[in-house]
Amino acid sequence: NIESMVFRNIHHHNPSDTRSILDVGWPTPDKHHDSLKTHIRSLVIDGLHIYDSGNQSSDASFIKVVANVDQMIVRNTEIIRAPSGEGTKGCLIETCPTAKINTLFMNNICAKGINSLLQHKDSEIGTLQLNNILVSEIGEAVILAENGHIGSINAGEVYGAELIHTDKKG
């Protein structure tokens with residue numbers, strides 16, 4: 001169990017592959033590690049800057065969450081990606097089936113050339129709070145929900161794309 005983690009001023013310039021920048025929890029459950037037992041009370045990512053002029057990381061999920069997190073804050077983030085010629089791919093945050101986030105705050109985020117800010121798969125988010133989000137050249141929506149559950153969404157000042165796109169089960 002982790003009480004509090006803070007990551008500040010992360011710069012990721014021209015990634016060379018699709019690996020994530022942050023894996024929150026054990027990357028994959030196996031016989032030695034159980035990601036369901038990883039519990040973080042407070043996680044703050046403040047100042048993430050991603051500049052990608054190529055397409056080596058085109059389908060990257062920059063932050064992958066596989067653990068239980070009580071409160072996650074992602075703020076002051078910019079993602080600038082050059083057109084890949086293959087359409088927009090990748091996301092800022094991907095929730096994996098073992099993830100559970102009680103409260104996710106996303107504030108002051110600018111993104112260009114990414115498929116979505118949040119790709120929510122088969123997991124649970126209690127409350128999602130979005131504020132001051134500016135996107136361009138984005139895929140279907142700011143949030144892609146695939147079989148996941150979001151208890152409530154509070155959004156203010158979200159510009160440049162549809163807020164949420166769900167599949168029939170999300």
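Sequential numbering from 1 along the given sequence is applied to the chain's residues.
Taken together through direct or relayed side-chain contacts under 4.5 Å among Ile, Leu, Val, Met, Phe, Trp and Tyr, Val24 and Ile73 form parts of separate hydrophobic clusters. Criterion: ILVMFWY side-chain heavy atoms under 4.5 Å apart, direct or through other members. Under it, Val44 and Leu117 are not part of a common hydrophobic cluster.
Here the shortest heavy-atom pairing between Val158 and Ala155 reads CG2-CB, 4.0 Å. Contact between Ile45 and Leu48 at its shortest, heavy atoms only, is CG2-CB, 4.3 Å. The two residues Ile40 and Met5 have their closest heavy-atom pair at CD1-SD, 4.2 Å. For the pair Leu92 and Ile114, the tightest heavy-atom approach, listed with the atom from each and the gap, is N-CD1, 3.6 Å. Looking at every heavy atom in both residues, Arg81 comes nearest to Gly90 through NH1-CA, 4.3 Å. Closest non-hydrogen pair, Ala141 versus Ser116, comes out as O-CB, 3.4 Å.
Between His12 and Phe62, the two ring planes are perpendicular [angle over 60°; tilted spans 30° to 60°].
In terms of the ring-ring contact (aromatic ring centres under 6.0 Å, His included) criterion, Tyr159 has no residue partners (sequence neighbours excluded). Scanning for side-chain contact (heavy atoms from CB on, under 4.5 Å) contacts around Ser136 gives Lys112, with sequence neighbours left out. The ring-ring contact (aromatic ring centres under 6.0 Å, His included) search around His149 returns none, not counting sequence neighbours.
You'll find the side chain of Leu144 stays beyond 4.5 Å of the side chain of His120, heavy atoms only.
With rounding to the nearest 0.5 angstrom, the CG atom of Leu43 is 6.5 Å from the CZ atom of Phe7. To the nearest 0.5 angstrom, Glu157 atom CD is 5.5 Å from Asn132 atom CG. How far CD of Gln71 is from CZ of Phe105: 5.0 Å, rounded to the nearest 0.5 Å.
Asp70 and Arg41 are not joined by a salt bridge, as no carboxylate oxygen comes within less than 4.0 angstrom of a charged side-chain nitrogen. Between Lys64 and Asp23, no side-chain nitrogen of the basic residue sits less than 4.0 Å from a carboxylate oxygen of the acidic one, so the salt-bridge criterion is not met.
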Apply the test side chain to side chain contact (heavy atoms under 4.5 Å, CB included) to residues Leu134 and Ile109: give CA-CA distance (whole Å), side-chain angles for both, the deciding distance (0.1 Å), then the verdict.
CA-CA 6 Å; Leu134 180 60; Ile109 297 176; over 6 Å; no
